[in-house]
Number of protein chains: 4
Amino acid sequence: MTGEAPTRVFLKLSTEKQQRIIKEAIHEFSRYGFHRASMNRLVERLGIAKGSLFQYFGSKEGLFQFVFDRCVSMAKDALRKIKSGNSGDASFYDKIRATAWAGIKFARENPEVYGLYLRLLFQEDFPLRDSLIRKLHIFSAEYLKHLILEGIERGEISPEIDVSTAVFFLDAVLDRFVQAYFVEFWDAESGIFRAEDEVLQNKIDNLVKIIARGFKGYNSES
Amino acid sequence: MTGEAPTRVFLKLSTEKQQRIIKEAIHEFSRYGFHRASMNRLVERLGIAKGSLFQYFGSKEGLFQFVFDRCVSMAKDALRKIKSGNSGDASFYDKIRATAWAGIKFARENPEVYGLYLRLLFQEDFPLRDSLIRKLHIFSAEYLKHLILEGIERGEISPEIDVSTAVFFLDAVLDRFVQAYFVEFWDAESGIFRAEDEVLQNKIDNLVKIIARGFKGYNSES
Amino acid sequence: MTGEAPTRVFLKLSTEKQQRIIKEAIHEFSRYGFHRASMNRLVERLGIAKGSLFQYFGSKEGLFQFVFDRCVSMAKDALRKIKSGNSGDASFYDKIRATAWAGIKFARENPEVYGLYLRLLFQEDFPLRDSLIRKLHIFSAEYLKHLILEGIERGEISPEIDVSTAVFFLDAVLDRFVQAYFVEFWDAESGIFRAEDEVLQNKIDNLVKIIARGFKGYNSES
Amino acid sequence: MTGEAPTRVFLKLSTEKQQRIIKEAIHEFSRYGFHRASMNRLVERLGIAKGSLFQYFGSKEGLFQFVFDRCVSMAKDALRKIKSGNSGDASFYDKIRATAWAGIKFARENPEVYGLYLRLLFQEDFPLRDSLIRKLHIFSAEYLKHLILEGIERGEISPEIDVSTAVFFLDAVLDRFVQAYFVEFWDAESGIFRAEDEVLQNKIDNLVKIIARGFKGYNSES
DNA sequence: CATGAATGAGAATTCATTCAT
DNA sequence: CATGAATGAATTCTCATTCAT
C-alpha cells in the first residue's frame, strides 16, 4: 500500500538480534533460493514470532531485498578495499591478479553471500531481480573500466583497444574464474575447483598472460 | 524389472500432440524453473487430464528429464552443424567467429531452450543437475579443445599456450557473450543485449582480436 | 447393475493364464490389502491390458471376491484332508494336535493366502467382508463341533461341557496359535513365532494338556 | 535439534477443542484405518482449516501416533483400575472373571478406541505398527503373568503348569472373547455378540470353568 | 509492539474405471 | 473380445500472510 520503509521497527532492535536475523536469512535464501526459502523454517530457526518478521520487513520480498542490499554492501566494501589497497605503482596486470584473488577470498569468507549471488544470476524469477543484479554489475564494471583506462594512460594497454569490449572480457573471465573455483561442474576442464593456493596462483598467471598479450600485443607479465 | 521407460505411452501419441506437450513443457520449465513449474498449470494450458501427464512421464522429474534430454540433443545437433559447416581451410579465428554466431542463432531460434539452460546453471536443489550440466559441458569443452589443438597444429596459436587455460578462456567468453545478448542485466557496459547483427559482428571482431593476440602474440585476423 | 457373472469370459481363458492371474492377484491383495491394492500395478505385472481385467471381473471388488472364494476353497480342501486323514481310532486330542499342525502347514505352504486371511480379519472395511469371513468360520466351527461331539460320544470329553463354549475355546486357541507362528508381535511371551518343529510340537503338547484337563477333568494325553 | 514435539501448538488449544479433535480423529481412524482415513474428511467434519491439523501434528502419521498414544493410555488406565480394584483375597478365577468384564466394559465405553485396536492388529504396511502393538501386549502379558504366578503361589494353579503357555492361553481366550462380543462375524457359533449381561456372565462362567480345570485339574470355581 | 494460531489455495501424485479403436 | 490412453476426483502436505489477543 504505502511506500514507507517498514524496516523502521527492525532497525530499533538490538544489534545482536538484527545480525542474527540477517545471518539466518542469508543462510536460508542462499540454501533454498528466493521462492523455495521458507519463512516458516526461518522463523523456527530464529525462535521469534512469525508475525514479527512480517512486521519488520512487510513481506518475504521485503526481507529478501533488505538482506540482499546488505550483501551488495559487503561486496562493494570488499572491492573498495582492493582499490585502496592497490599501491599506486602496481601495474595493471598486478591489479588484475589482485582482483582475481580478492574475488576468491571474498567468496571463501562469505560463501553464503556468494551462493546467494550465484542463485540470483539465473535461477530465480522474482521482482526486481534485474535491478538488484545491476547494482552489482555497474559497480564492478566501473571498477574494471577504471583499471583499464589507468592501464592505457600508463601505456600498459594498447590505446587502440575497444574499452567496452575489454571490460566485458575482464568481467567474463574473472567472474567465471571465481565460479569455477566454487561450482564443481564448471571445472570439467580447468582444475580450478577448490584448488590449492599455489595452483590458483599458477592459473591466474596463465590467464593474465593471455589477457596481457591480448590487451597489449606483447608479453608484459612480471 | 519394472524399469522400462515410462515414456512408452507418450511416444505412441501423435507427433503433433507430442510436440505440443514438449513445447509447452519447455515453456513452463524455462519460465519458472524446475521447482516453481506447475504440473497443474501445464496440464491446464495443454487441455489434457492431469493423470495423463503422469502416465506419460511418471513424475514431474521424469517430464523434466525427458524435456531436458531433447534440449541437449538440439544443442548438440547445432554444434555438430557448425563443426561440419566449417570448411577445412577456415582459420581458427574464423571458426571462433562462426561458433559465436552459432550460439547467438541457436538461442535466437530456441529462446526457451536457451532459457532453460540458463536456469539450470546455478540451481542447487535440483534432480540430477550436475550430471545434466556435465552432459553439456563435456561436449562443449571437447569441441573447443579440438579447435585449439587444430589451431596449434596449423601454427595459428602459440604452442607454448596452456591448453586447459585456453579452453577455460574461450568457454567463459563465448558463454558470456551469448548470455549478454539475451540477459539484459549483463549488458550494463557492453551494448550486446539484443543488438543488431552489424553491431554483433563488430563486437565479435573485437573479441576475436583480443583473443587472437592473447593466444598468439601477434595480430592474425583476416 | 445386472447380477450376471462377468467371470464367464475369464473362465474361457487357458488354465495357465487363469492361474497366473489368480496367483498375482492373491499376491497383490495379500501384500497391500484390498483398498491399497492397485489394479494398475497388478495389470503391469501381469502384462495384460487393464481393460481385460475389468472385462473378466467387472471391478476390483469382483476380482477380490473371485480370488477370495478360491482361497476359501483351498482352506476347505485342507480341512477336509485332515478330516479324511484322521484314522477312525485316533483320540480327540490326537485330532486337535493334527489340526494345529495342519493350520501351521497350510499357512506355511500358502503364506499369501494366509496373509490375505489375516488382512481380512480386521483391517479392511469393504463390502461383503462379514459374509466372506463367515464362509470360513461356519466351516471351521462345524468341523470343531463335529470333533467335540465325537469326543463326547467316545467318552473323551465330559458330557456336561457347554459345547458352544468349547467350540469357541478351541477356535480361539487354534487360530491364535497359527497367528503367533506367523505374526511376530504376537509372540512377545510364547516363543512360537517361526519356531522349529520340535519346539512347536512341545507347545502343542502343552496346549493340548491344558485343553484336555479343561474338557475332561483328568489328564488324557498320550 | 528441530526434533521438538510438533504437538506443542495443539496442546495450547482449549481443552474442548483438543478433545473434539481427538474424538473425531479416533472416529476417522477407527472407521477407515490408517491409510484410508482422510485428513480432508476429518478437517471438514471438524470445520477447521486443513493447515491447522498439519500445524498441530506435522503429518497424518503424527496425528495417528498422538491419537494412538492417548488410546493406549486409556487402556492402561483401565487395566490399572482392575488391578487396584481386585481385593487381596479374591481368587485367581474371580480375577479372570473381573478381567473379562473389564475388557467388555472398556470396549463398550470406548467402542472407537477398541475399534482402532482391532484395525491395528493385522495391518502390515503401517507406521510403527510393531512397536505400537508391542506397547500394548507387553503390558497385558505382564498383567496376566502376574495373575498366574500369584495363582500358583496361592495353590490355585498347578505348579507344574508351563507359565508361558498359560499366558498365551489366557491372552488368546480373553482377547477373542471381547472380539466376539464386538465383531459379528466371529460369533457364528457362540452367541456372545452383543449379548445381554446375564448371557455374558454365563459365558464367562463356562469359560472360567474350563480354564480352571485346565489349569488345576479339579473344579475350583466358587 | 509481539505473538503465533488460523487460513486455504496450491502443490505433486495415485487410481479405478471407461470407451473408442 | 482385447486393448490401453484418457480421465479427474481424491490424496497428503506446504506456506506466505493475517489478525485477535
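Every chain is numbered from 1, with letters handed out A, B, ... down the list of sequences.
- Within the structure, every side-chain polar atom (N or O) of C/Tyr56 is placed at least 4.0 Å from both OP1 and OP2 of F/dC1.
- Counting to the nearest Å, the C1' atom of E/dT7 and the CD atom of D/Glu44 are 15 Å from each other.
- In this structure, the CD atom of B/Glu28 is 9 Å from the P atom of E/dA12, given to the nearest Å.
- Distance CD (C/Glu61) to C1' (E/dC15): 16 Å, rounded to an integer number of Å.
- When the nucleotides E/dA2, F/dC1, F/dT7 are ranked by their closest atom to the side chain of A/Gln55, E/dA2 comes out on top.
- Residues C/Phe10 and C/Leu63 form no side-chain contact, since every pair of their non-hydrogen atoms from C-beta on lies 4.5 Å or further apart.
- Atoms CZ (C/Phe54) and P (F/dA5) sit 15 Å apart, rounded to a whole Å.
- Phosphate proximity of F/dT3 to C/Ser52: present, with a side-chain N or O under 4.0 Å from OP1 or OP2.
- B/Ser30 approaches B/Arg119 most closely through the heavy-atom pair O-NE, 2.9 Å.
- Both C/Lys17 and A/Ser59 lie near DNA chain F, and the one whose nearest nucleotide falls closer to the 5' end is C/Lys17.
- As a whole-Å value, the separation of C/His35 NE2 from E/dT17 C1' is 16 Å.
- One finds a side-chain N or O of B/Asn40 lying less than 4.0 angstrom from the OP1 or OP2 phosphate oxygen of E/dA11.
- Partner assigned to E/dA20 is F/dT3, using Watson-Crick or G-U wobble distances below 3.5 angstrom.
- Atom P of nucleotide E/dT13 and atom NZ of D/Lys60 are separated by 18 Å, given to the nearest angstrom.
- Heavy atoms of B/Leu13 sit under 4.0 angstrom from primed sugar atoms or phosphate atoms, though from no base atom.
- Counting to the nearest Å, the P atom of E/dT14 and the CZ atom of B/Phe57 are 15 Å from each other.
- To the nearest angstrom, P of E/dG10 lies 21 Å from CE of D/Met39.
- Checking the phosphate oxygens (OP1, OP2) of E/dA6, no side-chain nitrogen or oxygen of D/Lys50 falls inside 4.0 Å.
- Checking C/Arg31, C/Arg41, C/Lys17, C/Arg45 one by one against C/Glu24, the salt bridge (charged side-chain N to carboxylate O under 4.0 Å, His left out) holds for a single residue, C/Arg45.
- Between C/Ser38 and E/dA16 there is a side-chain N or O to OP1 or OP2 distance below 4.0 Å.
- Annotation: the span from D/Leu11 atom CG to D/Phe66 atom CZ amounts to 5.0 Å, rounded to 0.5 Å.
- At least one cation-pi condition fails for A/Arg36 and A/Phe29: the charged atom is not both under 6.0 angstrom from the six-membered ring centre and inside a 45 degree cone around its axis.
- Along DNA chain E, the nucleotide closest to C/Ala37 and the one closest to A/Ala49 are compared, and the more 5′ of them pairs with A/Ala49.
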